[in-house]
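Remarks on the structure that follows.
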Amino acid sequence: MVSKVFKAMPKMIDICLEAGVKGIADSRLENFERIQAYKTSKMLLRLPMISEARRVVELTDMSLNSELKTIEALNQEAEQQGKIHEILLMVDLGDRREGILPNQVLGTVENILNLKHIKLIGLGVNLTCYGGVIPTPDKLEELSALKDSIEDTFGIVLPVVSGGNSSSFYLLENHTLPQTITQLRIGETIVLGRETAFGKKIDYLNQDVFALETEVIECQEKPSMPSGEIGMNAFGEKPVFIDKGLMKRAIVAIGRQDVSPEGLKPCDVSIDIIGASSDHTILDITASEKAYKVGDIVSFELDYGALLQLFTSEFVEKELI
């Protein structure tokens, strides 16, 4: 279970573990510090920095890696801490984010196997996150073939073939996930109820587990067009406006410091988001049947990016109900 989108909030971790989750994966060591006392498997998703090797070994059981120099630093730290640190070697199968190229795999593995405090437990791949490359059965079979080649060459067994993230979930649903894939690193599908290769909702999962509630701090009728010479806004952009005449507008107390407005969708479908500055989000409520007033609450559905930002913001109160 990938916990980074809710910042490894301990109450959420409790819910996940009670539901049967066997291990937690996250990208930030600060999140692992928050759940250090939990007796469950912990995997670092983001490639470790050499400068944080000590904390990686201290806080996690395994990590994803692609740089031999970093793996050597982890080996040195694991020796000092009297531990064996497990790693997945990441392979770039075309998305062009992290991972070594396939023709580098055998040489890299040979070097890893000489490190006494590192245990290579398998291979991993990341797809869609950067290049948008869709995980297909053929792509994942490439990873499995590399695993077989390693096992044949070095006479070892690699129990883990990590076939990607929530964008690989559709293969599981369609029964086309290669049987050699033993792990998927799932976050968004669980928390927001959708796969991420094509954005399809999963019928038997809920899409409304999270919502943002904001308070109206101004509610007035104003012209839709600014008056005066237009320059750059607070974010260095030159805004463009459409004249819609007089508009009933509400301002809610949240802004780009907390969340990108593009990731928000008003639950009241008659509301449009006009724009946002650092601390204010401006809404067109002209078409709404509700007579909004100062002090009222406006709710929003969230995409993954918005949820991630909101949990990260220290100015947003998180409440479980």
Side-chain angles (χ1 to χ4, degrees), residues 3-12 14-15 187-194 199 201-203 205-228 230-321:
S3 63
K4 68 177 183 179
V5 74
F6 51 84
K7 206 177 177 184
M9 183 180 184
K11 289 182 179 179
M12 289 289 296
D14 289 337
I15 293 170
E188 181 167 351
T189 292
I190 295 175
V191 298
L192 292 179
R194 56 177 175 251
K201 295 180 180 179
I202 309 299
D203 293 338
L205 296 178
N206 294 321
Q207 286 80 45
D208 59 352
V209 173
F210 299 93
L212 170 66
E213 293 189 343
T214 59
E215 185 174 334
V216 176
I217 55 176
E218 180 182 292
C219 191
Q220 297 188 20
E221 191 174 83
K222 295 183 180 181
S224 56
M225 291 292 290
S227 176
I230 303 297
M232 294 190 302
N233 63 19
F235 292 86
E237 307 159 340
K238 189 169 184 178
V240 177
F241 300 93
I242 298 173
D243 191 351
K244 297 182 179 180
L246 283 177
M247 178 185 294
K248 189 172 184 182
R249 303 171 4 139
I251 299 177
V252 291
I254 199 160
R256 293 195 193 188
Q257 184 168 349
D258 308 294
V259 64
S260 299
E262 294 80 10
L264 304 178
K265 180 181 178 182
C267 295
D268 182 342
V269 296
S270 62
I271 292 178
D272 290 324
I273 298 175
I274 302 172
S277 59
S278 300
D279 308 296
H280 304 74
T281 297
I282 306 168
L283 310 174
D284 178 2
I285 59 172
T286 308
S288 178
E289 295 181 358
K290 180 174 179 178
Y292 287 96
K293 60 185 183 300
V294 171
D296 282 349
I297 299 298
V298 180
S299 298
F300 299 86
E301 298 176 9
L302 312 169
D303 69 9
Y304 185 83
L307 182 61
L308 183 67
Q309 290 174 313
L310 289 164
F311 260 100
T312 302
S313 175
E314 63 181 280
F315 304 109
V316 177
E317 181 180 352
K318 289 80 178 176
E319 181 180 359
L320 273 66
I321 57 175

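FYI, the numbering just counts along the sequence from 1.
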Check whether [X] reaches the backbone of [Y] with its side chain - one donor and one acceptor, N or O, closer than 3.5 Å.
{"X": "Ser313", "Y": "Asp258", "answer": "no"}
{"X": "Thr189", "Y": "Arg194", "answer": "yes"}
{"X": "Gln207", "Y": "Leu205", "answer": "yes"}
{"X": "Asp243", "Y": "Gly245", "answer": "yes"}
{"X": "Thr214", "Y": "Val298", "answer": "yes"}
{"X": "Asp208", "Y": "Ala211", "answer": "no"}

Checklist line | Criterion side chain to side chain contact (heavy atoms under 4.5 Å, CB included) on Glu301 and Cys267, from CA distance to verdict | finding: CA-CA 6 Å; Glu301 298 176 9; Cys267 295; 4.0 Å; yes
Item checked: Steps toward salt bridge (Lys or Arg N to Asp or Glu O under 4.0 Å) verdict (Glu218, Lys222) -> CA-CA 11 Å; Glu218 180 182 292; Lys222 295 183 180 181; 2.9 Å; yes
Taking all non-hydrogen atoms of both residues, which atom of [X] and which atom of [Y] are closest, and how far apart?
{"X": "Ala250", "Y": "Val216", "answer": "CB-CG1, 4.2 Å"}
{"X": "Lys248", "Y": "Cys219", "answer": "CE-SG, 3.9 Å"}
{"X": "Gln257", "Y": "Phe315", "answer": "NE2-CE1, 3.1 Å"}

Margin query: Run Lys11 and Asp14 through salt bridge (Lys or Arg N to Asp or Glu O under 4.0 Å) and show every step you take.
Written below: CA-CA 5 Å; Lys11 289 182 179 179; Asp14 289 337; over 6 Å; no
With heavy-atom distances below 4.5 Å as the criterion, would you say the side chains of [X] and [Y] are in contact?
{"X": "Phe6", "Y": "Thr312", "value": "no"}
{"X": "Leu320", "Y": "Ile15", "value": "yes"}
{"X": "Asp303", "Y": "Lys265", "value": "no"}
{"X": "Ile273", "Y": "Thr281", "value": "yes"}
{"X": "Phe241", "Y": "Pro226", "value": "yes"}
{"X": "Ile230", "Y": "Val240", "value": "no"}
{"X": "Ile217", "Y": "Val252", "value": "no"}
{"X": "Phe311", "Y": "Val316", "value": "no"}

Notebook entry, point to check: Considering residues, nucleotides and ligands other than Glu317, do more than 12 of their heavy atoms fall under 6.0 Å from its CD?
Noted result: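 For Glu317, atom CD is not crowded (no more than 12 foreign heavy atoms under 6.0 Å).
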Checklist line | Intermediate values then yes/no, side chain to side chain contact (heavy atoms under 4.5 Å, CB included), Asp284 and Arg249 | finding: CA-CA 5 Å; Asp284 178 2; Arg249 303 171 4 139; 5.7 Å; no
Margin query: Walk me through whether Glu188 and Lys201 qualify under salt bridge (Lys or Arg N to Asp or Glu O under 4.0 Å).
Written below: CA-CA 11 Å; Glu188 181 167 351; Lys201 295 180 180 179; over 6 Å; no
Check: Does Glu213 pair with Lys318 as a salt bridge, N-O distance under 4.0 Å?
Finding: no
Note to self: Less than 3.5 Å apart, any donor N or O on the side chain of Ser260 or Gln309 sitting next to an acceptor on the other?
What the structure shows: yes
Note to self: Quick one, Leu212 with Leu307, criterion side chain to side chain contact (heavy atoms under 4.5 Å, CB included). Give me CA distance, side-chain angles, the key distance, then yes/no.
What the structure shows: CA-CA 9 Å; Leu212 170 66; Leu307 182 61; over 6 Å; no
Next item on the list: Please step through side chain to side chain contact (heavy atoms under 4.5 Å, CB included) for the pair Lys290 and Asp296, ending with a clear verdict.
Entry: CA-CA 10 Å; Lys290 180 174 179 178; Asp296 282 349; 4.1 Å; yes
